[in-house]
Amino acid sequence: MVRFAPSPTGYLHVGGARTALFNFLFARHHGGIFILRIEDTDQKRFQAEALQEIFASLKWLGLNWDEGPEAGGERGPYFQSQRTALYRRHAEQLLAAGKAYRCFCSEERLARMREEQEKAKMAHGSGYDRHCRLRPEAEVKALLAANAAHVVRLKVPDNRVVVFNDLIRGEISYDSSQLDDLVLLKSDGFPTYHLANVVDDHLMQITHVLRGDEWIVSTPKHILIYEAFGWPPPHFAHMPVILAADGGKLSKRRGAASVLDYQRSGFQPEALLNFLVLLGWAPGGDREIMTLDEMTAAFSLQRVSAKAAVFDETKLEWMNGHYLQQRSQESLLPEVMACWEKLLPPPPAVLADQAYAKKVIGLFKERSKKIIEIAENSGYFFRDPAAYDPQAARKYFKSETISILELLAEKLAALEPFSHEALEGLYRQVAEGLGLPAGKLIHPTRLAVSGVSFGPGLFEMLELLGKETVIRRLQSAGNWIGTAAGKEE
RNA sequence: GGCGCUAUCGUCUAGGGGUUAGGACGGGUGAUUCUCAGUCACUAAACCGGGGUUCGAAUCCCCGUAGCGCUGCCA
(Lines give C-alpha, C1' and ligand atoms only; values in the text may rest on other atoms or scores of the structure.)
Protein backbone atom coordinates (compact mmCIF):
# COMPACT_ATOMS: atom_id res chain seq x y z
CA MET A 1 0.00 0.00 0.00
CA VAL A 2 1.70 3.17 -1.17
CA ARG A 3 0.66 6.69 -1.96
CA PHE A 4 1.78 9.66 -3.97
CA ALA A 5 0.83 12.80 -2.13
CA PRO A 6 1.42 15.95 -4.11
CA SER A 7 0.53 19.37 -2.94
CA PRO A 8 -1.50 21.39 -5.45
CA THR A 9 0.63 24.50 -5.31
CA GLY A 10 2.03 24.34 -8.83
CA TYR A 11 2.56 22.19 -11.87
CA LEU A 12 3.76 18.62 -11.50
CA HIS A 13 7.48 18.68 -12.16
CA VAL A 14 9.59 15.81 -13.36
CA GLY A 15 10.92 15.09 -9.89
CA GLY A 16 7.40 14.61 -8.61
CA ALA A 17 6.59 12.52 -11.63
CA ARG A 18 9.47 10.23 -10.85
CA THR A 19 8.38 9.86 -7.26
CA ALA A 20 4.92 8.98 -8.53
CA LEU A 21 6.45 6.54 -10.98
CA PHE A 22 8.49 4.76 -8.32
CA ASN A 23 5.44 4.51 -6.11
CA PHE A 24 3.44 3.16 -9.01
CA LEU A 25 6.12 0.65 -9.92
CA PHE A 26 6.56 -0.50 -6.36
CA ALA A 27 2.83 -1.01 -5.92
CA ARG A 28 2.40 -2.84 -9.21
CA HIS A 29 5.45 -4.98 -8.70
CA HIS A 30 4.20 -6.20 -5.34
CA GLY A 31 0.55 -6.37 -6.30
CA GLY A 32 -0.19 -3.48 -3.96
CA ILE A 33 -2.43 -0.47 -4.15
CA PHE A 34 -1.35 2.93 -5.41
CA ILE A 35 -3.20 5.81 -3.78
CA LEU A 36 -3.26 9.40 -4.90
CA ARG A 37 -3.78 11.79 -2.02
CA ILE A 38 -3.93 15.55 -2.32
CA GLU A 39 -2.15 17.45 0.42
CA ASP A 40 -4.00 20.72 0.28
CA THR A 41 -3.63 21.83 3.86
CA ASP A 42 -2.15 25.16 2.92
CA GLN A 43 -5.07 27.20 1.68
CA LYS A 44 -2.82 30.18 1.03
CA ARG A 45 -0.88 28.38 -1.64
CA PHE A 46 -3.64 26.25 -3.12
CA GLN A 47 -4.20 26.57 -6.86
CA ALA A 48 -7.15 24.93 -8.54
CA GLU A 49 -5.34 24.81 -11.88
CA ALA A 50 -2.45 23.02 -10.26
CA LEU A 51 -4.76 20.24 -9.21
CA GLN A 52 -6.01 19.74 -12.75
CA GLU A 53 -2.48 19.87 -14.04
CA ILE A 54 -1.37 17.16 -11.64
CA PHE A 55 -4.22 14.88 -12.72
CA ALA A 56 -3.53 15.57 -16.38
CA SER A 57 0.19 14.91 -15.98
CA LEU A 58 -0.29 11.62 -14.22
CA LYS A 59 -2.87 10.45 -16.71
CA TRP A 60 -0.73 11.44 -19.66
CA LEU A 61 2.12 9.39 -18.26
CA GLY A 62 -0.21 6.47 -17.68
CA LEU A 63 0.38 6.42 -13.94
CA ASN A 64 -3.17 5.56 -13.04
CA TRP A 65 -4.01 5.51 -9.38
CA ASP A 66 -6.10 2.76 -7.80
CA GLU A 67 -7.64 5.01 -5.21
CA GLY A 68 -7.92 8.75 -4.97
CA PRO A 69 -9.73 11.67 -6.52
CA GLU A 70 -11.91 10.59 -9.43
CA ALA A 71 -11.09 6.95 -8.74
CA GLY A 72 -12.72 6.79 -5.33
CA GLY A 73 -11.95 4.06 -2.79
CA GLU A 74 -12.72 3.00 0.75
CA ARG A 75 -10.01 5.04 2.36
CA GLY A 76 -11.23 8.45 1.27
CA PRO A 77 -11.73 11.26 1.24
CA TYR A 78 -8.48 11.79 -0.58
CA PHE A 79 -8.28 15.53 -0.16
CA GLN A 80 -6.80 16.51 3.15
CA SER A 81 -8.91 19.63 3.17
CA GLN A 82 -11.90 17.33 3.54
CA ARG A 83 -10.41 15.53 6.51
CA THR A 84 -9.79 18.42 8.86
CA ALA A 85 -12.18 17.14 11.52
CA LEU A 86 -10.15 13.97 11.61
CA TYR A 87 -6.91 15.79 12.25
CA ARG A 88 -8.46 17.97 14.89
CA ARG A 89 -9.77 14.92 16.67
CA HIS A 90 -6.37 13.32 16.63
CA ALA A 91 -4.72 16.48 17.88
CA GLU A 92 -7.20 16.54 20.76
CA GLN A 93 -6.31 12.98 21.51
CA LEU A 94 -2.65 13.86 21.84
CA LEU A 95 -3.50 16.89 23.92
CA ALA A 96 -5.56 14.75 26.26
CA ALA A 97 -2.77 12.24 26.54
CA GLY A 98 -0.33 14.97 27.47
CA LYS A 99 1.78 14.36 24.37
CA ALA A 100 1.04 17.71 22.87
CA TYR A 101 0.30 21.21 24.13
CA ARG A 102 -1.25 24.47 23.04
CA CYS A 103 1.10 27.24 22.06
CA PHE A 104 -0.02 30.82 22.09
CA CYS A 105 3.18 32.39 20.85
CA SER A 106 2.69 35.07 18.25
CA GLU A 107 4.36 35.01 14.89
CA GLU A 108 6.23 38.12 15.95
CA ARG A 109 7.65 36.44 19.00
CA LEU A 110 8.72 33.45 16.94
CA ALA A 111 10.33 35.66 14.34
CA ARG A 112 12.23 37.54 17.01
CA MET A 113 13.32 34.29 18.58
CA ARG A 114 14.60 32.98 15.27
CA GLU A 115 16.49 36.15 14.66
CA GLU A 116 18.21 35.92 18.02
CA GLN A 117 19.06 32.31 17.47
CA GLU A 118 20.53 33.25 14.15
CA LYS A 119 22.63 35.94 15.77
CA ALA A 120 23.75 33.67 18.54
CA LYS A 121 24.83 31.06 15.99
CA MET A 122 23.63 28.50 18.42
CA ALA A 123 26.04 25.69 18.92
CA HIS A 124 23.33 23.15 18.42
CA GLY A 125 19.60 22.89 18.48
CA SER A 126 17.35 25.53 17.12
CA GLY A 127 13.71 26.09 16.54
CA TYR A 128 10.95 26.67 19.03
CA ASP A 129 12.09 27.44 22.56
CA ARG A 130 9.22 25.59 24.28
CA HIS A 131 7.96 28.74 25.88
CA CYS A 132 4.36 27.50 26.02
CA ARG A 133 5.24 23.95 26.97
CA LEU A 134 5.92 25.24 30.46
CA ARG A 135 2.93 27.54 30.65
CA PRO A 136 0.85 26.93 33.81
CA GLU A 137 -2.43 25.12 33.36
CA ALA A 138 -4.50 27.99 34.69
CA GLU A 139 -2.98 30.41 32.24
CA VAL A 140 -3.77 28.09 29.37
CA LYS A 141 -7.36 27.82 30.50
CA ALA A 142 -7.68 31.56 30.69
CA LEU A 143 -6.23 32.08 27.25
CA LEU A 144 -8.49 29.39 25.87
CA ALA A 145 -11.51 30.99 27.47
CA ALA A 146 -10.49 34.28 25.88
CA ASN A 147 -10.40 32.53 22.51
CA ALA A 148 -6.75 33.32 22.01
CA ALA A 149 -5.29 32.12 18.74
CA HIS A 150 -3.00 29.16 19.22
CA VAL A 151 -1.42 26.17 17.60
CA VAL A 152 -0.89 22.67 18.89
CA ARG A 153 2.67 21.45 19.22
CA LEU A 154 4.10 18.02 19.81
CA LYS A 155 6.06 17.45 23.00
CA VAL A 156 9.29 16.16 21.63
CA PRO A 157 11.02 14.00 24.22
CA ASP A 158 14.52 14.93 25.40
CA ASN A 159 17.55 12.80 24.93
CA ARG A 160 16.07 10.37 22.52
CA VAL A 161 17.84 8.93 19.56
CA VAL A 162 15.35 8.26 16.82
CA VAL A 163 16.52 5.56 14.49
CA PHE A 164 14.90 4.38 11.32
CA ASN A 165 15.91 2.16 8.51
CA ASP A 166 15.66 3.89 5.18
CA LEU A 167 15.11 1.26 2.51
CA ILE A 168 17.48 3.06 0.19
CA ARG A 169 20.06 4.54 2.52
CA GLY A 170 20.14 2.17 5.43
CA GLU A 171 20.06 3.19 9.04
CA ILE A 172 19.65 6.86 9.81
CA SER A 173 19.59 8.22 13.31
CA TYR A 174 18.77 11.57 14.84
CA ASP A 175 19.18 13.00 18.27
CA SER A 176 15.86 14.35 19.47
CA SER A 177 17.61 17.41 20.85
CA GLN A 178 17.93 18.48 17.23
CA LEU A 179 14.19 18.47 16.83
CA ASP A 180 12.00 21.26 18.07
CA ASP A 181 8.42 20.97 19.23
CA LEU A 182 6.85 20.99 15.83
CA VAL A 183 3.42 22.37 15.10
CA LEU A 184 0.71 19.78 14.51
CA LEU A 185 -2.32 22.02 14.16
CA LYS A 186 -2.14 25.54 12.81
CA SER A 187 -4.09 28.40 14.28
CA ASP A 188 -6.50 28.29 11.35
CA GLY A 189 -7.50 24.80 12.41
CA PHE A 190 -5.73 23.10 9.50
CA PRO A 191 -3.14 20.47 10.25
CA THR A 192 0.46 20.88 9.24
CA TYR A 193 1.92 18.54 6.70
CA HIS A 194 3.44 16.49 9.48
CA LEU A 195 0.24 15.70 11.34
CA ALA A 196 -1.92 15.18 8.29
CA ASN A 197 0.70 13.01 6.70
CA VAL A 198 1.06 10.70 9.68
CA VAL A 199 -2.65 10.46 10.42
CA ASP A 200 -3.49 9.76 6.80
CA ASP A 201 -0.71 7.30 6.21
CA HIS A 202 -1.84 5.38 9.24
CA LEU A 203 -5.55 5.53 8.48
CA MET A 204 -4.99 4.69 4.84
CA GLN A 205 -2.87 1.74 5.89
CA ILE A 206 0.16 2.90 3.97
CA THR A 207 2.94 0.38 4.42
CA HIS A 208 5.71 2.06 2.46
CA VAL A 209 6.35 5.76 2.25
CA LEU A 210 8.37 6.55 -0.86
CA ARG A 211 9.02 10.25 -1.13
CA GLY A 212 11.65 12.80 -2.09
CA ASP A 213 14.74 13.09 0.03
CA GLU A 214 13.88 16.58 1.19
CA TRP A 215 11.69 14.70 3.66
CA ILE A 216 14.45 12.72 5.20
CA VAL A 217 15.00 15.18 8.03
CA SER A 218 11.27 15.24 8.74
CA THR A 219 11.12 11.51 9.18
CA PRO A 220 12.25 11.41 12.82
CA LYS A 221 9.54 13.95 13.60
CA HIS A 222 7.01 11.72 11.93
CA ILE A 223 8.24 8.72 13.84
CA LEU A 224 7.79 10.63 17.07
CA ILE A 225 4.22 11.40 16.06
CA TYR A 226 3.57 7.74 15.32
CA GLU A 227 4.97 6.95 18.72
CA ALA A 228 2.78 9.51 20.44
CA PHE A 229 -0.23 7.84 18.88
CA GLY A 230 1.08 4.42 19.67
CA TRP A 231 1.07 3.44 16.00
CA PRO A 232 3.72 1.41 14.24
CA PRO A 233 5.46 3.56 11.63
CA PRO A 234 5.53 2.45 8.00
CA HIS A 235 8.71 1.71 6.08
CA PHE A 236 10.45 4.71 4.59
CA ALA A 237 12.44 5.14 1.41
CA HIS A 238 13.72 8.50 0.27
CA MET A 239 14.32 9.05 -3.42
CA PRO A 240 17.24 11.19 -4.52
CA VAL A 241 16.57 14.59 -6.04
CA ILE A 242 16.71 15.43 -9.70
CA LEU A 243 18.95 18.35 -10.58
CA ALA A 244 19.21 20.70 -13.53
CA ALA A 245 22.12 20.43 -15.94
CA ASP A 246 24.12 23.03 -13.99
CA GLY A 247 23.76 21.04 -10.80
CA GLY A 248 21.19 23.45 -9.42
CA LYS A 249 17.56 22.91 -8.72
CA LEU A 250 15.30 22.04 -11.58
CA SER A 251 12.99 24.89 -12.52
CA LYS A 252 11.11 26.45 -15.41
CA ARG A 253 14.24 28.42 -16.21
CA ARG A 254 16.58 25.48 -16.24
CA GLY A 255 14.93 22.83 -18.34
CA ALA A 256 11.21 22.62 -18.70
CA ALA A 257 10.67 20.94 -15.34
CA SER A 258 6.92 20.67 -15.84
CA VAL A 259 5.60 17.36 -17.09
CA LEU A 260 3.00 19.05 -19.22
CA ASP A 261 5.66 21.22 -20.83
CA TYR A 262 7.26 18.06 -22.10
CA GLN A 263 3.94 16.93 -23.43
CA ARG A 264 3.48 20.27 -25.14
CA SER A 265 6.87 20.16 -26.81
CA GLY A 266 6.02 16.84 -28.35
CA PHE A 267 7.62 14.28 -26.11
CA GLN A 268 6.20 10.78 -25.89
CA PRO A 269 5.00 9.76 -22.45
CA GLU A 270 6.81 6.43 -22.84
CA ALA A 271 10.05 8.26 -23.44
CA LEU A 272 9.72 10.55 -20.43
CA LEU A 273 8.79 7.61 -18.25
CA ASN A 274 11.64 5.49 -19.49
CA PHE A 275 14.09 8.33 -19.08
CA LEU A 276 12.83 9.17 -15.61
CA VAL A 277 12.99 5.62 -14.34
CA LEU A 278 16.68 5.52 -15.19
CA LEU A 279 17.31 8.55 -13.03
CA GLY A 280 18.10 6.83 -9.78
CA TRP A 281 17.30 3.31 -10.78
CA ALA A 282 18.81 0.75 -13.11
CA PRO A 283 17.69 -2.82 -13.57
CA GLY A 284 21.29 -4.00 -13.68
CA GLY A 285 23.07 -5.12 -16.79
CA ASP A 286 22.83 -3.01 -19.91
CA ARG A 287 19.09 -2.65 -20.21
CA GLU A 288 17.80 0.83 -20.81
CA ILE A 289 14.81 0.80 -23.13
CA MET A 290 11.84 -0.60 -21.26
CA THR A 291 8.07 -0.50 -21.32
CA LEU A 292 6.11 0.28 -18.19
CA ASP A 293 5.40 -3.43 -17.80
CA GLU A 294 9.04 -4.34 -18.08
CA MET A 295 9.99 -1.69 -15.53
CA THR A 296 7.33 -3.02 -13.23
CA ALA A 297 8.62 -6.53 -13.47
CA ALA A 298 12.22 -5.50 -12.84
CA PHE A 299 11.66 -2.82 -10.23
CA SER A 300 13.08 -3.09 -6.77
CA LEU A 301 13.82 -0.50 -4.13
CA GLN A 302 17.15 -2.11 -3.35
CA ARG A 303 18.37 -0.99 -6.71
CA VAL A 304 17.35 2.61 -6.28
CA SER A 305 20.36 4.85 -5.96
CA ALA A 306 20.75 7.38 -3.18
CA LYS A 307 22.62 9.78 -5.42
CA ALA A 308 21.10 12.91 -6.90
CA ALA A 309 20.81 12.75 -10.69
CA VAL A 310 21.12 15.45 -13.33
CA PHE A 311 18.28 15.68 -15.81
CA ASP A 312 20.05 15.34 -19.16
CA GLU A 313 17.66 16.62 -21.75
CA THR A 314 19.85 15.44 -24.62
CA LYS A 315 19.43 11.86 -23.62
CA LEU A 316 15.71 12.37 -23.18
CA GLU A 317 15.57 13.62 -26.75
CA TRP A 318 17.44 10.63 -28.01
CA MET A 319 15.09 8.35 -26.16
CA ASN A 320 12.13 10.25 -27.47
CA GLY A 321 13.45 9.76 -30.98
CA HIS A 322 13.61 6.07 -30.30
CA TYR A 323 9.97 5.95 -29.23
CA LEU A 324 8.92 8.23 -32.05
CA GLN A 325 10.24 5.75 -34.61
CA GLN A 326 7.90 3.16 -33.21
CA ARG A 327 4.81 5.26 -33.81
CA SER A 328 2.93 4.75 -37.05
CA GLN A 329 2.35 7.60 -39.48
CA GLU A 330 -1.31 7.04 -38.92
CA SER A 331 -1.16 7.51 -35.16
CA LEU A 332 1.08 10.55 -35.47
CA LEU A 333 -1.27 12.35 -37.82
CA PRO A 334 -3.51 14.17 -35.34
CA GLU A 335 -0.60 15.48 -33.32
CA VAL A 336 1.49 16.58 -36.26
CA MET A 337 -1.58 18.09 -37.85
CA ALA A 338 -2.12 20.22 -34.77
CA CYS A 339 1.45 21.51 -35.09
CA TRP A 340 1.04 22.26 -38.77
CA GLU A 341 -2.11 24.19 -38.14
CA LYS A 342 -0.26 26.33 -35.66
CA LEU A 343 2.83 26.72 -37.81
CA LEU A 344 1.15 27.45 -41.14
CA PRO A 345 -1.56 30.03 -40.70
CA PRO A 346 -3.81 30.22 -42.52
CA PRO A 347 -4.01 26.45 -43.02
CA PRO A 348 -3.29 25.62 -46.65
CA ALA A 349 -5.96 23.61 -48.43
CA VAL A 350 -3.61 20.64 -48.93
CA LEU A 351 -3.65 20.02 -45.22
CA ALA A 352 -7.03 18.45 -45.67
CA ASP A 353 -5.45 15.67 -47.71
CA GLN A 354 -4.75 13.10 -45.02
CA ALA A 355 -3.16 10.55 -47.28
CA TYR A 356 -0.71 13.17 -48.45
CA ALA A 357 -0.05 14.37 -44.91
CA LYS A 358 0.65 10.84 -43.78
CA LYS A 359 3.23 10.40 -46.50
CA VAL A 360 4.90 13.64 -45.45
CA ILE A 361 5.09 12.32 -41.91
CA GLY A 362 6.63 9.14 -43.24
CA LEU A 363 9.36 11.12 -44.92
CA PHE A 364 10.24 13.12 -41.81
CA LYS A 365 9.60 10.76 -38.96
CA GLU A 366 12.90 8.92 -39.05
CA ARG A 367 14.93 12.12 -39.10
CA SER A 368 13.06 13.69 -36.20
CA LYS A 369 13.34 13.36 -32.47
CA LYS A 370 10.21 15.23 -31.58
CA ILE A 371 6.81 15.52 -33.18
CA ILE A 372 7.18 19.23 -33.53
CA GLU A 373 10.28 18.76 -35.66
CA ILE A 374 8.27 16.83 -38.20
CA ALA A 375 5.98 19.79 -38.61
CA GLU A 376 8.69 22.42 -38.46
CA ASN A 377 10.78 20.94 -41.22
CA SER A 378 8.06 20.01 -43.63
CA GLY A 379 6.35 23.31 -44.31
CA TYR A 380 7.37 23.29 -47.96
CA PHE A 381 5.18 20.30 -48.59
CA PHE A 382 2.23 22.58 -48.16
CA ARG A 383 3.46 25.89 -49.47
CA ASP A 384 6.11 27.03 -51.93
CA PRO A 385 9.29 28.13 -50.20
CA ALA A 386 9.16 31.82 -49.36
CA ALA A 387 12.93 32.20 -49.41
CA TYR A 388 16.10 30.24 -50.07
CA ASP A 389 18.60 29.60 -47.35
CA PRO A 390 21.24 32.29 -48.17
CA GLN A 391 24.25 30.16 -47.45
CA ALA A 392 22.93 27.27 -49.51
CA ALA A 393 21.93 29.65 -52.29
CA ARG A 394 25.47 30.98 -52.53
CA LYS A 395 26.73 27.45 -52.82
CA TYR A 396 24.22 25.89 -55.17
CA PHE A 397 22.63 28.71 -57.12
CA LYS A 398 25.17 29.81 -59.71
CA SER A 399 24.33 31.60 -62.93
CA GLU A 400 24.83 28.39 -64.86
CA THR A 401 22.29 26.74 -62.60
CA ILE A 402 19.50 28.57 -64.42
CA SER A 403 19.89 26.56 -67.55
CA ILE A 404 20.24 23.32 -65.63
CA LEU A 405 17.01 24.02 -63.79
CA GLU A 406 15.30 24.86 -67.05
CA LEU A 407 16.50 21.69 -68.67
CA LEU A 408 15.34 19.64 -65.72
CA ALA A 409 11.92 21.26 -65.74
CA GLU A 410 11.58 20.43 -69.38
CA LYS A 411 12.58 16.78 -68.97
CA LEU A 412 10.44 16.41 -65.88
CA ALA A 413 7.39 17.64 -67.74
CA ALA A 414 7.67 14.66 -70.02
CA LEU A 415 8.42 12.12 -67.28
CA GLU A 416 5.86 9.40 -66.81
CA PRO A 417 5.30 7.96 -64.28
CA PHE A 418 6.50 10.61 -61.85
CA SER A 419 7.94 8.04 -59.45
CA HIS A 420 11.10 8.24 -57.42
CA GLU A 421 12.63 5.40 -59.42
CA ALA A 422 11.93 7.16 -62.66
CA LEU A 423 13.10 10.46 -61.25
CA GLU A 424 16.37 9.06 -60.11
CA GLY A 425 16.88 7.42 -63.47
CA LEU A 426 16.24 10.66 -65.23
CA TYR A 427 18.59 12.65 -63.02
CA ARG A 428 21.43 10.20 -63.47
CA GLN A 429 20.86 10.21 -67.19
CA VAL A 430 20.78 13.99 -67.49
CA ALA A 431 23.88 14.30 -65.33
CA GLU A 432 25.69 11.89 -67.52
CA GLY A 433 24.55 13.73 -70.60
CA LEU A 434 25.94 16.97 -69.23
CA GLY A 435 29.08 15.31 -68.02
CA LEU A 436 28.37 16.42 -64.48
CA PRO A 437 28.19 14.53 -61.19
CA ALA A 438 24.59 13.93 -60.15
CA GLY A 439 25.09 16.11 -57.08
CA LYS A 440 25.31 19.16 -59.33
CA LEU A 441 21.69 18.55 -60.25
CA ILE A 442 20.43 17.22 -57.01
CA HIS A 443 21.53 19.99 -54.68
CA PRO A 444 20.14 22.90 -56.68
CA THR A 445 16.91 20.99 -57.18
CA ARG A 446 16.54 20.39 -53.47
CA LEU A 447 17.12 24.04 -52.70
CA ALA A 448 14.76 25.18 -55.43
CA VAL A 449 12.02 22.89 -54.27
CA SER A 450 12.38 23.16 -50.49
CA GLY A 451 14.30 26.35 -49.83
CA VAL A 452 16.72 24.48 -47.61
CA SER A 453 19.72 22.25 -48.11
CA PHE A 454 18.64 19.31 -46.00
CA GLY A 455 15.71 16.97 -45.79
CA PRO A 456 14.40 13.63 -47.00
CA GLY A 457 15.75 11.83 -50.04
CA LEU A 458 15.28 14.11 -53.01
CA PHE A 459 13.50 11.70 -55.30
CA GLU A 460 10.96 10.62 -52.71
CA MET A 461 10.41 14.27 -52.03
CA LEU A 462 9.81 15.14 -55.68
CA GLU A 463 7.49 12.23 -56.19
CA LEU A 464 5.32 13.27 -53.29
CA LEU A 465 5.33 16.93 -54.23
CA GLY A 466 4.05 16.05 -57.68
CA LYS A 467 5.08 17.05 -61.13
CA GLU A 468 3.24 20.34 -61.30
CA THR A 469 4.58 21.70 -58.05
CA VAL A 470 8.13 20.63 -58.78
CA ILE A 471 8.20 22.25 -62.19
CA ARG A 472 6.67 25.42 -60.85
CA ARG A 473 9.28 25.67 -58.11
CA LEU A 474 12.12 24.88 -60.46
CA GLN A 475 11.02 27.71 -62.69
CA SER A 476 10.59 30.26 -59.97
CA ALA A 477 14.00 29.36 -58.58
CA GLY A 478 15.48 29.92 -62.02
CA ASN A 479 13.81 33.28 -62.21
CA TRP A 480 14.99 34.19 -58.75
CA ILE A 481 18.60 33.46 -59.65
CA GLY A 482 18.20 35.60 -62.72
CA THR A 483 16.89 38.59 -60.83
CA ALA A 484 18.89 41.11 -58.90
CA ALA A 485 17.98 39.35 -55.68
CA GLY A 486 19.61 36.24 -56.93
CA LYS A 487 22.71 38.01 -58.18
CA GLU A 488 23.24 39.82 -54.91
CA GLU A 489 23.62 36.57 -53.11
C1' G B 1 26.25 28.10 12.25
C1' G B 2 23.81 23.18 13.47
C1' C B 3 21.99 18.59 11.68
C1' G B 4 21.44 15.20 7.70
C1' C B 5 22.17 12.96 2.83
C1' U B 6 25.45 12.08 -1.28
C1' A B 7 30.27 11.29 -4.06
C1' U B 8 32.58 5.84 -10.74
C1' C B 9 33.72 8.96 -17.83
C1' G B 10 30.82 15.84 -19.42
C1' U B 11 25.70 13.27 -18.19
C1' C B 12 22.66 8.65 -16.66
C1' U B 13 24.60 4.32 -14.67
C1' A B 14 26.80 -1.18 -14.03
C1' G B 15 30.29 -3.24 -10.94
C1' G B 16 29.90 -3.89 -3.82
C1' G B 17 37.36 -6.95 -1.73
C1' G B 18 41.32 -9.63 -6.95
C1' U B 19 37.71 -6.82 -13.65
C1' U B 20 41.72 -4.79 -19.69
C1' A B 21 36.33 -0.68 -14.38
C1' G B 22 31.15 -2.49 -18.60
C1' G B 23 26.87 -0.07 -21.11
C1' A B 24 23.94 4.24 -22.76
C1' C B 25 23.54 9.64 -24.14
C1' G B 26 26.69 13.34 -25.85
C1' G B 27 31.83 14.12 -28.32
C1' G B 28 35.60 12.53 -32.10
C1' U B 29 36.99 9.49 -36.52
C1' G B 30 35.58 6.47 -40.56
C1' A B 31 31.92 3.82 -43.76
C1' U B 32 27.09 4.26 -46.41
C1' U B 33 24.71 8.43 -49.27
C1' C B 34 21.99 13.57 -53.24
C1' U B 35 21.86 16.81 -48.24
C1' C B 36 20.39 16.36 -43.18
C1' A B 37 19.12 12.73 -40.00
C1' G B 38 19.73 7.63 -39.40
C1' U B 39 22.51 3.19 -39.37
C1' C B 40 27.18 0.54 -38.79
C1' A B 41 32.34 0.32 -37.15
C1' C B 42 36.11 2.39 -34.38
C1' U B 43 37.74 5.90 -30.59
C1' A B 44 38.78 9.47 -26.45
C1' A B 45 36.70 9.90 -21.60
C1' A B 46 35.77 8.12 -14.69
C1' C B 47 36.56 5.38 -9.36
C1' C B 48 36.81 13.51 -5.10
C1' G B 49 41.42 13.89 -1.59
C1' G B 50 43.92 11.77 2.65
C1' G B 51 44.41 8.12 6.17
C1' G B 52 43.29 3.26 7.92
C1' U B 53 41.51 -2.38 7.66
C1' U B 54 43.52 -6.19 4.28
C1' C B 55 48.19 -10.29 1.02
C1' G B 56 45.01 -7.09 -2.03
C1' A B 57 40.43 -1.49 -1.82
C1' A B 58 36.57 1.88 -6.85
C1' U B 59 34.31 -1.60 -3.35
C1' C B 60 34.68 -1.78 4.04
C1' C B 61 35.88 2.16 8.09
C1' C B 62 37.41 7.20 9.58
C1' C B 63 38.63 12.24 8.47
C1' G B 64 38.63 16.15 5.02
C1' U B 65 36.51 18.56 0.81
C1' A B 66 32.54 19.58 -2.37
C1' G B 67 27.41 19.45 -3.76
C1' C B 68 22.53 19.18 -2.11
C1' G B 69 18.65 19.17 1.62
C1' C B 70 16.47 20.67 6.28
C1' U B 71 16.77 24.26 10.13
C1' G B 72 8.43 27.63 8.66
C1' C B 73 1.61 28.05 11.86
C1' C B 74 5.15 25.48 3.25
C1' A B 75 4.68 20.89 1.44
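What you see is a predicted model; the values in this text were computed from it and never measured.
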Under 4.0 Å, counting only non-hydrogen atoms across every strand here, what does [X] touch: a base, just sugar-phosphate, or nothing?
X      : answer
A:A438 : nothing
A:G280 : sugar-phosphate
A:R211 : nothing
A:T9   : nothing
A:C103 : nothing
A:F364 : nothing
A:G455 : base

Can you measure [X] atom [atom1] to [N] atom [atom2] for me and round it to whole angstrom units?
X      : N     : atom1 : atom2 : result
A:F275 : B:A24 : CZ    : C1'   : 11 Å
A:I216 : B:U6  : CD1   : C1'   : 10 Å
A:F454 : B:A37 : CZ    : C1'   : 10 Å
A:L279 : B:C25 : CG    : P     : 16 Å
A:W215 : B:C68 : CH2   : C1'   : 16 Å

Scan every strand shown for a Watson-Crick or G-U wobble partner of [N], both distances under 3.5 Å, and answer none if you come up empty.
N     : value
B:C48 : B:G64
B:C3  : B:G69
B:C42 : B:G28
B:U33 : none

Can you find an N or O donor on one side and an acceptor on the other, under 3.5 Å apart, linking the side chain of [X] with the base of [N]?
X      : N     : answer
A:S187 : B:C73 : yes
A:R169 : B:C5  : no
A:Q178 : B:G4  : no
A:K307 : B:A7  : no

Flag the pair [X] and [Y] as a salt bridge only when some basic side-chain nitrogen lies within less than 4.0 angstrom of an acidic carboxylate oxygen.
X      : Y      : result
A:R88  : A:E92  : no
A:D213 : A:R169 : yes
A:K44  : A:D188 : no

Between [options], spot the one nearest the side chain of [X], thanks.
X      : options             : answer
A:E214 : B:U35, B:C74, B:G69 : B:G69
A:E39  : B:C12, B:C34, B:A75 : B:A75
A:D286 : B:G23, B:A75, B:G26 : B:G23
A:H443 : B:G38, B:U35, B:U13 : B:U35

So does [X] get a side-chain nitrogen or oxygen closer than 4.0 Å to the phosphate oxygens (OP1/OP2) of [N]?
X      : N     : result
A:R102 : B:C73 : no
A:T41  : B:A75 : yes
A:R428 : B:C34 : yes
A:R153 : B:C73 : yes
A:K44  : B:A75 : no
A:K186 : B:A75 : yes

### Query
Is the charged tip of A:R327 near the ring of A:Y323: under 6.0 Å from the six-membered ring centre and within 45° of its axis?
no
#### Entry: A:R135 to A:F104, cation-pi by 6.0 Å centre distance and 45° axis angle
no
### A:L36 versus A:Y78, closest heavy-atom pair with distance
O-CB, 3.7 Å
### Query
Distance between the C1' atoms of B:U6 and B:C48, in whole angstroms?
12 Å
### Message
Please report the distance separating the P of B:A24 from the corresponding atom of B:G2, rounded so that it comes out in whole Å.
### Response
45 Å
### Full working for side-chain contact (heavy atoms from CB on, under 4.5 Å) between A:D40 and A:L51
CA-CA 10 Å; A:D40 54 349; A:L51 194 62; over 6 Å; no
